[in-house]
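What follows is a single structure, written as structure tokens, with notes after it.
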Amino acid sequence: MRVVLLGPPGAGKGTQAARLAEALRVVHLSSGDILRAERAARTRLGQEAQRYMDSGALVPDEVVLEMMAGRMQSSDAEAGFVLDGFPRTIPQAEGLDRRLEAAHRPIDRVVNIEVSDEVVTPRLTGRWSCPKDGRVYHEQYSPPKSAGTCDICGTALVRRRDDEPSVVRQRLATYHAETKPLIDYYRRRGVLASVNGDGEIDVVFESIRAACRGSG
Ligand code: ADP
Ligand code: ADP
């Protein structure tokens, strides 16, 4: 099954995509995690992406499209995938559709996680994540079992530089201007389902699972 999770920064895409991918037995592909790994490895792509990410702007479409297309062609993505953070603009969605249609592997479902800017802001400023496996925590809403370390691998958790309040404001503005139009784009294609993202993580997960049943 091939699923896209849409929603503003802090909607819970990363949290829910990890669970959904596990439940569907497909890979979780997060464009943000892949870009951060490229940065950590100091590749040319990572270095190019850095200035956009640090200011809350989007990395150019062609760069992200090539990167994600490469990942989607790997053998571990044959059974399907859950995309998180990609596509994020209309040109990215069109490029993705062209590639998937040519491969006769269209998107089965796009789940839009609806949450207001007021709800996501404290989620982002309290977010901690594991630099090794990408797992996300929140100091209040979803704390690790032992403070400051990843439940799974014990690595010290870090705060993302772009979760600082001034960058969060810019990222939300970028979301409204560039990513929100994807809701209509996918609605017109008949694959969109919307869920309320302003609830407990488990409750939101059940809504997402329900939205994925009966498709694909
Ligand atoms: P996104 O990938 O959409 O930016 P994340 O999954 O990283 O969002 O979640 C952002 C932050 O909010 C994290 O700290 C996460 O633990 C927390 N979070 C995610 N879903 C919920 C929820 N339903 N209620 C409260 N906090 C949440
Ligand atoms: P969040 O879900 O919290 O917004 P991500 O981890 O998805 O954050 O993205 C972090 C940053 O990485 C974005 O602000 C942007 O600079 C870059 N990025 C991630 N995905 C894309 C994409 N599909 N297109 C362009 N830039 C992206």
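For the single chain, residues carry numbers from 1 onward in sequence order. As a basis for the values below, the full set of heavy atoms in this structure was taken, side chains included, without hydrogen atoms, waters or symmetry mates. In each ligand, atom 1 is the first atom listed, and ligand 1 is the first ligand listed.
- In this model, no donor atom of one side chain and acceptor atom of the other lie less than 3.5 Å apart for D97 and Y186.
- Residue contacts with ligand 2 for R127 involve side-chain atoms from C-beta outward but no N, CA, C or O (heavy atoms, distance under 4.0 Å).
- Residue contacts with ligand 2 leave out M68, since none of its heavy atoms falls under 4.0 Å from the ligand.
- The proximity of V59 to ligand 2, defined as any non-hydrogen pair under 4.0 Å, involves the side chain as well as the backbone.
- Distances from atom 5 (P) of ligand 2 to the heavy atoms of K13, R88, M53 show the closest one on R88.
- Nearest to atom 16 (O) of ligand 2 among the protein's heavy atoms is A57 O, 2.6 Å.
- The CZ atom of R44 lies 11.5 Å from the CD atom of E38; values are rounded to the nearest 0.5 Å.
- Scanning the protein for heavy atoms near atom 20 (N) of ligand 2, the closest one is S31 OG, 2.8 Å.
- Under 4.0 angstrom from ligand 1, the non-hydrogen atoms of S142 all belong to its side chain.
- Proximity of P8 to ligand 1, defined as any heavy-atom pair under 4.0 Å, is confined to the backbone N, CA, C and O atoms.
- Assignment of G7 to the shell around ligand 1 is not supported, since no heavy atom sits closer than 4.0 Å.
- The single protein non-hydrogen atom nearest to atom 8 (O) of ligand 2 is R160 NH2, 3.1 Å, given as residue, atom name and distance.
- Counting heavy atoms under 4.0 Å from ligand 1, residue W128 does not touch it at all.
- When only non-hydrogen protein atoms are considered, atom 27 (C) of ligand 2 lies nearest to L35 CD1, 3.9 Å.
- For atom 23 (N) of ligand 1, the nearest protein heavy atom (residue, atom name, distance) is G199 O, 2.7 Å.
- Residue S129 places no heavy atom under 4.0 Å from ligand 1.
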Step by step, would you call R71 with S74 a side chain to side chain donor-acceptor pair (under 3.5 Å)?
CA-CA 5 Å; R71 252 333 252 109; S74 322; 3.0 Å; yes
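- When hydrogens are left out, the protein atom nearest atom 1 (P) of ligand 2 is R171 NH2, 3.4 Å; that is the closest non-hydrogen contact.
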